[in-house]
Colleague: 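Starting off with a structure, shown below.
Keep in mind the model is a prediction, meaning the values are calculated, not measured. Whatever order the structure lists them in is the order used to number ligands and atoms, beginning at 1.
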Amino acid sequence: MLTVDRIACTGHGICAHILSGAIDLDDWGYPILRDVAPDQGLAAEAIKLCPSRALRWQRR
Ligand code: SF4
């Protein structure tokens with residue numbers, strides 16, 4: 001499942017842009033995961049582009 005390291009995340013919002021529908025942003029620009037099993041290709045892109053390396057796949 002897709003997870004966000006909330007300590008590492010700096011609220012750039014790139015993940016929500018790539019995974020719109022799976023990730024929303026809160027009022028401060030930090031991600032809220034709506035779907036922890038989104039499209040794997042898009043998730044891989046979001047993980048690659050996250051500047052804080054805060055996004056990752058984790059085994060359930
Ligand atoms: S792209 Fe990375 S740093 Fe930016 S909001 Fe998403 S998880 Fe946080």
Colleague: Do any of the N, O or S atoms of His12 sit under 2.8 Å from atom 6 (Fe) of ligand 1?
Modeller: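 Coordinating: no.
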Colleague: How close do Tyr30 and Cys9 get, heavy atom to heavy atom, and via which atoms?
Modeller: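 Result for this residue pair: CE2-O, 3.5 Å.
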Colleague: Could you state the interatomic distance from CD1 (Ile18) to CD1 (Ile23), rounded to the nearest 0.5 Å?
Modeller: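 One finds 9.0 Å between CD1 of Ile18 and CD1 of Ile23.
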Colleague: Of the non-hydrogen atoms in Leu2 and Pro38, which two are nearest, and what is the gap between them?
Modeller: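 What the structure gives for the nearest pair is CD2-CG, 3.9 Å.
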Colleague: Within Cys50, is some N, O or S atom less than 2.8 Å away from atom 2 (Fe) of ligand 1?
Modeller: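 A backbone or side-chain N, O or S atom of Cys50 is under 2.8 Å from atom 2 (Fe) of ligand 1.
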Colleague: Could you grab the distance from atom SG of Cys15 to atom CG of Leu42, nearest 0.5 Å is fine?
Modeller: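 Answer rounded to 0.5 Å: 12.5 Å.
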Colleague: Could you tell me which atoms of ligand 1, counted from 1 in the order shown, lie closer than 4.0 angstrom to a heavy atom of Ser52?
Modeller: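 Checking each atom against Ser52, I get 3 (S).
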Colleague: Heavy atom under 4.0 Å from ligand 1: found in Pro31's side chain, backbone, both, or neither?
Modeller: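 The answer is the side chain.
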Colleague: Which residue owns the protein heavy atom closest to atom 6 (Fe) of ligand 1, what's the atom, and how far is it?
Modeller: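 The closest one turns out to be Cys15 SG, 2.3 Å.
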Colleague: Should you measure from each heavy atom of Ile14, which atoms of ligand 1 turn up under 4.0 Å away?
Modeller: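 Under 4.0 Å from Ile14, ligand 1 has these atoms: 1 (S).
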Colleague: Counting backbone and side-chain atoms alike, does Cys9 have an N/O/S atom under 2.8 Å from atom 8 (Fe) of ligand 1?
Modeller: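 Given the 2.8 Å cut-off, Cys9 counts as a ligand of atom 8 (Fe) of ligand 1.
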Colleague: Between His12 and Ser52, is the side chain to side chain contact (heavy atoms under 4.5 Å, CB included) condition met? List the steps.
Modeller: CA-CA 9 Å; His12 293 278; Ser52 302; 3.9 Å; yes
Colleague: Any chance you could measure Glu45, atom CD, to Leu19, atom CG, to the nearest 0.5 Å?
Modeller: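 It is 9.5 Å, given to the nearest 0.5 Å.
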Colleague: Are Ile14 and Trp57 connected in a single hydrophobic cluster, I mean Ile/Leu/Val/Met/Phe/Trp/Tyr linked by side-chain heavy atoms less than 4.5 Å apart?
Modeller: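 Same cluster: Trp57 reaches Ile14 through Ile, Leu, Val, Met, Phe, Trp or Tyr contacts under 4.5 Å.
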Colleague: In ligand 1, which numbered atoms sit nearer than 4.0 Å to a non-hydrogen atom of Thr10?
Modeller: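 Atoms satisfying the 4.0 Å criterion: 3 (S).
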Colleague: Which residue and atom name correspond to the protein heavy atom nearest atom 5 (S) of ligand 1, and how close is it?
Modeller: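 Heavy-atom neighbour on the protein nearest atom 5 (S) of ligand 1: Gly13 N, 3.2 Å.
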